[in-house]
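Let me begin by presenting the structure, written as structure tokens, before commenting on it.
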Amino acid sequence: MKAVTQILMCMAVVMLAAPAFGYSSFATELVDYSSSLTGSFLYNDPYAVLGKPSTNFKNSGFDPATGRVKLVEPAWNVGLNDEKLITTLNTGEYVTVKFDHQVEDDPLNPYGIDLLVFGNPFYVGSGFVSDLSNMEDYMLVGGAWFEQLVVSVSQDGEEWYTYDSGPYCDSAFPTQAYLWDSENEQWTDTESDFTKPVDPDLADTLLAGGMSAADAIALYDGSGGGTGFDLAESGYDWIQYVRVEGIEGFSGGEVDAFADVAPVPVPAAVWLLGSGLLGVVGLRRRRK
């Protein structure tokens, strides 16, 4: 039994190895950006695209004075510590970021999505909304506010693959920063998972509306949203650089953050079987 315990402990160490390396799930380095992005205005600071997606903002002049980023109320103004949240890219403007590790085309990633890019889109709802609104009663009326931007990926920052036909940044799926408690009809302080994509098949359902915001949040299934990209289309096994740009017909949108999708955890028994250790465990038991 001691041998079995040791094997399981080793398995756990291997399965948790990636987070232990200290890599960030979000873009950590601003490699290049348009000279027009000087940071002198509220929405033209290129450094605002680094780190995790925005979760809260100041609701200047409104009650309540702050708000959670949600699929019916996007990030805007500044954060709780007066930090800038999003960057607008007009025609001819761009930002290029780098991850501190290789973002892989991983077959274990949900829906085959490997990369998430966040902007500040939102679904159109039934009137004014704030943190005081009951998501059970606030209805999606159909449609969304999307301002699409073009995304490209690269391994070395020199050769690029561009998703010319989409998907696009600042489109489905709007950021959902926190989980909603439907039973008690209130917000929780538990953040959604920004490394988990929304099921792409739900795009048309959510755009059609006719459901409460709470129902829409439930369809997100714990995801924090973001536009999903499958690296298989690019032909790259992995990438480390991402560029978002505004071009004619695809400009005026916002960039908030970039995330590496987390793979679905492999069940212990399946992992043991694949590694051959399950046979070792069984052999040990038979011998005893």
Side-chain angles (χ1 to χ4, degrees), residues 19 22-90 93-101 116-123 128-133 135 145 147 149 169-170 173-181 186-196 213 217 220 222-227 242 244 252-260 262:
Y23 295 137
S24 173
S25 297
F26 312 107
T28 58
E29 183 180 346
L30 183 65
V31 176
D32 193 16
Y33 56 91
S34 303
S35 59
S36 55
L37 300 177
T38 61
S40 57
F41 302 107
L42 183 58
Y43 299 130
N44 82 332
D45 186 347
Y47 287 92
V49 305
L50 298 179
K52 74 176 183 179
S54 302
T55 56
N56 298 83
F57 54 88
K58 286 188 176 180
N59 233 339
S60 301
F62 295 93
D63 181 25
T66 62
R68 293 171 170 82
V69 177
K70 39 193 171 288
L71 47 74
V72 290
E73 190 177 21
W76 68 286
N77 201 27
V78 296
L80 301 185
N81 297 311
D82 293 322
E83 72 275 17
K84 294 176 181 176
L85 298 178
I86 53 178
T87 304
T88 300
L89 298 181
N90 294 309
E93 294 182 323
Y94 64 90
V95 291
T96 303
V97 299
K98 182 181 180 182
F99 284 85
D100 60 5
H101 64 284
L116 292 171
V117 182
F118 296 80
N120 76 330
F122 62 93
Y123 293 114
F128 180 80
V129 63
S130 74
D131 272 15
L132 298 180
S133 304
M135 295 293 100
W145 184 267
E147 296 174 298
L149 298 168
C169 172
D170 207 22
F173 292 91
T175 303
Q176 178 60 43
Y178 291 94
L179 301 184
W180 171 260
D181 179 357
Q186 63 184 18
W187 288 108
T188 74
D189 290 326
T190 303
E191 286 189 6
S192 301
D193 188 348
F194 295 121
T195 66
K196 176 181 179 179
I217 294 169
Y220 268 45
S223 167
T227 301
V242 186
V244 181
E254 281 70 45
V255 189
D256 186 7
F258 305 82
D260 181 359

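Quick caveat, the model's predicted, so the values are computed rather than measured.
The two atoms that bring N59 and W76 nearest to each other are OD1-CZ2, 3.2 Å, heavy atoms only. Of all heavy-atom pairs spanning T188 and L179, the tightest one is OG1-O, 2.8 Å.
A donor-acceptor pair under 3.5 Å is formed between the side chain of N44 and the backbone N or O of S40. Checked by atom type and distance alone, the side chain of K84 pairs as donor or acceptor with a backbone atom of F41 at under 3.5 Å. The backbone N or O of D193 lies less than 3.5 Å from no partner atom in the side chain of E191, so there is not a single donor-acceptor pair. With Q176 contributing its side chain and G225 its backbone, the two residues share no donor-acceptor pair below 3.5 Å.
For the atom pair OG (S223) and CD1 (I217), the distance works out to 11.5 Å, reported to the nearest 0.5 Å. In this structure, OG in S24 is found 9.5 Å from CG in L50, a value given to the nearest 0.5 Å. Expressed to the nearest 0.5 Å, how far CZ of F258 lies from OG1 of T227 amounts to 10.5 Å. The CD atom of E73 sits 6.5 Å away from the CG atom of D131 when rounded to the nearest 0.5 Å. Distance check, rounded to the nearest 0.5 Å: CG of L149 to OH of Y94 gives 15.0 Å. Here CG of N56 is found 12.5 Å from CG of N77. Values are rounded to the nearest 0.5 Å.
Summarising the local packing, OH of Y43 is surrounded by more than 12 heavy atoms from other residues, nucleotides or ligands at distances under 6.0 Å.
F26 and F194 have perpendicular rings, their planes meeting at more than 60° on a 0 to 90° scale where under 30° would count as parallel. Relative ring orientation between Y23 and H101 is described as parallel, the plane-to-plane angle staying below 30° on a 0-90° scale split at 30° and 60°.
With respect to V49, the side-chain contact (heavy atoms from CB on, under 4.5 Å) criterion is satisfied by exactly one of D256, V97, V244: V97. Of the listed residues (F57, W187, W180), just one forms a side-chain contact (heavy atoms from CB on, under 4.5 Å) with R68, and that residue is W187. For the pairing with E93, the side-chain hydrogen bond (donor to acceptor under 3.5 Å, both in side chains) check across S35, S36, S34 returns one residue only, S36.
Taking the side chain as every heavy atom from C-beta outward, P74 and V69 never approach each other to under 4.5 Å.
Residues passing the side-chain contact (heavy atoms from CB on, under 4.5 Å) test with S130, sequence neighbours excluded: P64, F128, L132, S133.
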Test log, rule side chain to side chain contact (heavy atoms under 4.5 Å, CB included), inputs L89 and L37: CA-CA 9 Å; L89 298 181; L37 300 177; 3.8 Å; yes
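Judged as a salt bridge (Lys or Arg N to Asp or Glu O under 4.0 Å), not a single pair has a partner in residues 22-50 (not counting sequence neighbours).
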